[in-house]
Asker: 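Questions regarding the structure given below will be posed in turn.
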Amino acid sequence: GLRSGPGTAAAVDASTGVLHVAWTDVRRKRGDVVTAHLSPGASRWSHPVRVGDTRSGHVQFTPAVAAAGGAVHLLFYDWAGARRGNVMYTQSIDGGATFRPALRVNSVPFDPRRGVRDFKGRFLADYIGLVATESYAQALWVDTRSASGNDVYTARVSAPSARRP
């Protein structure tokens, strides 16, 4: 009953030339955020890597991806049912091969079912974004914690790059 946003997000790391993509994979009958990358000159994509909480009952959707300094940054919605919607951030410092445990960036959980309604159902305005430098990532998203419904929020996450010791 919840409409999700764009199916695929992409970013190129200017320092490495690697193309990173993230998407929502529904092959396990729910949403899982998955990422893969393509190195310059490569003829094949990397094997997909599932990120976030893969426990039963969690649904991840609408990812955003950014890359800088050899690190890959992902932002996505995670819904564990009821009023437990969150916006999660995770980072890879090995070029997307593995990801750190996801961190919640919203200050309080919210109920995605309170999102604005359109002709396709409830949605969070399909807006989520992420930019990164070698020292931080800046997240932008919409959630429904306020009385007015869909509002825009932002958070800065310290994010050491892969190049730092």
Asker: Applying side chain to side chain contact (heavy atoms under 4.5 Å, CB included) between Val157 and each of Leu75, Val105, Leu130, report the one that passes.
Answerer: Val105
Asker: Kindly compute the distance separating CG (Leu103) from CE (Met88), expressed to the nearest 0.5 Å.
Answerer: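 CE of Met88 is found 7.0 Å from CG of Leu103.
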Asker: Which heavy-atom pair separates Ala80 from His58 by the least distance, and what is that distance?
Answerer: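 Distance-wise, the nearest heavy atoms are CB-CE1, 3.7 Å.
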Asker: Are Leu19 and Leu74 co-members of a hydrophobic cluster defined by side-chain heavy atoms under 4.5 Å apart?
Answerer: no
Asker: According to a hydrophobic-cluster definition based on side-chain heavy atoms being under 4.5 Å apart (Ile, Leu, Val, Met, Phe, Trp, Tyr only), do Val18 and Leu38 belong together?
Answerer: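 They do not share one cluster, since no chain of ILVMFWY contacts under 4.5 Å joins Val18 to Leu38.
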Asker: Spell out, yes or no, whether Phe61 and Val152 are grouped together once hydrophobic residues are joined by side-chain heavy atoms under 4.5 Å, including indirect joins.
Answerer: yes
Asker: Does any part of the side chain of Tyr89, heavy atoms only, come nearer than 4.5 Å to the side chain of His73, both counted from C-beta?
Answerer: yes
Asker: Determine the sole option in Thr35, Thr98, Val72 for which the side chain to side chain contact (heavy atoms under 4.5 Å, CB included) test with Val51 is passed.
Answerer: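 Result for side chain to side chain contact (heavy atoms under 4.5 Å, CB included) with Val51: Thr35.
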Asker: For His37 and His20, take the angle between the two ring planes, folded into 0 to 90°, and tell me which bin it lands in: parallel under 30, tilted 30 to 60, perpendicular over 60.
Answerer: tilted
Asker: Restricting to non-hydrogen atoms, name the atom on Ser15 and the atom on Gly70 that form the minimum distance, rounded to 0.1 Å.
Answerer: OG-N, 3.6 Å
Asker: As a quick check of understanding, evaluate side-chain contact (heavy atoms from CB on, under 4.5 Å) for Phe76 and Val87, giving each step before the final call.
Answerer: CA-CA 6 Å; Phe76 56 92; Val87 177; over 6 Å; no
Asker: Between the side chain of Thr133 and the main-chain N/O of Tyr136, is any donor-acceptor distance below 3.5 Å?
Answerer: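 Here the side-chain-to-backbone pair exists.
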Asker: CZ of Arg50 to CG of Asp32: how many Å apart, nearest 0.5 Å?
Answerer: 4.5 Å
Asker: Specify the closest pair of heavy atoms between Ala36 and Pro48, including all atoms of both residues, with the distance to one decimal.
Answerer: CB-CA, 4.3 Å
Asker: Does some side-chain heavy atom of Asp143 sit less than 4.5 Å from a side-chain heavy atom of Trp141?
Answerer: yes
Asker: What pair of heavy atoms forms the shortest contact from Val49 to Ala97, and how long is it?
Answerer: CG2-O, 3.6 Å
Asker: Output the distance between atom OG1 (Thr144) and atom CZ (Phe110), rounded to the nearest 0.5 Å.
Answerer: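 Atom-to-atom, Thr144:OG1 and Phe110:CZ are 6.0 Å apart.
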Asker: Under 4.5 Å between side-chain heavy atoms, hopping through other hydrophobics if needed: is there a path connecting Val34 to Val21?
Answerer: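 Linked within one cluster.
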Asker: Pairing donors with acceptors under 3.5 angstrom, does anything connect the side chains of Arg145 and Ser107?
Answerer: yes
Asker: Work out which heavy atom in Ala67 is nearest to a heavy atom in Asp13; give both atom names and the distance.
Answerer: CB-CB, 3.7 Å
Asker: Return the minimal non-hydrogen interatomic distance between Ala68 and Ala132, and the atom names on each side.
Answerer: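 Heavy atoms only, the tightest pair is CB-O, 3.7 Å.
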Asker: For Asp151 and Ser146, what are the C-alpha separation, side-chain angles and deciding distance, and is it a side-chain hydrogen bond (donor to acceptor under 3.5 Å, both in side chains)?
Answerer: CA-CA 7 Å; Asp151 286 328; Ser146 75; 2.3 Å; yes
Asker: Compare all side-chain heavy atoms of Tyr153 with those of Leu140 and state whether any distance is below 4.5 angstrom.
Answerer: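 Not touching, per the 4.5 Å side-chain cut-off.
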Asker: Compute whether any side-chain donor of one residue and acceptor of the other, for Gln60 and Thr24, lie under 3.5 angstrom apart.
Answerer: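 Note: Gln60 and Thr24 side chains miss the donor-acceptor criterion.
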Asker: Going hydrophobic residue to hydrophobic residue with side-chain gaps under 4.5 angstrom, can you get from Val142 over to Trp79?
Answerer: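 Per the 4.5 Å side-chain linkage, Val142 and Trp79 are co-clustered.
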Asker: If you round to the nearest 0.5 Å, how far is CZ of Arg44 from OG of Ser39?
Answerer: 14.0 Å
Asker: Could you grab the distance from atom CG of Asn106 to atom OH of Tyr77, nearest 0.5 Å is fine?
Answerer: 9.5 Å
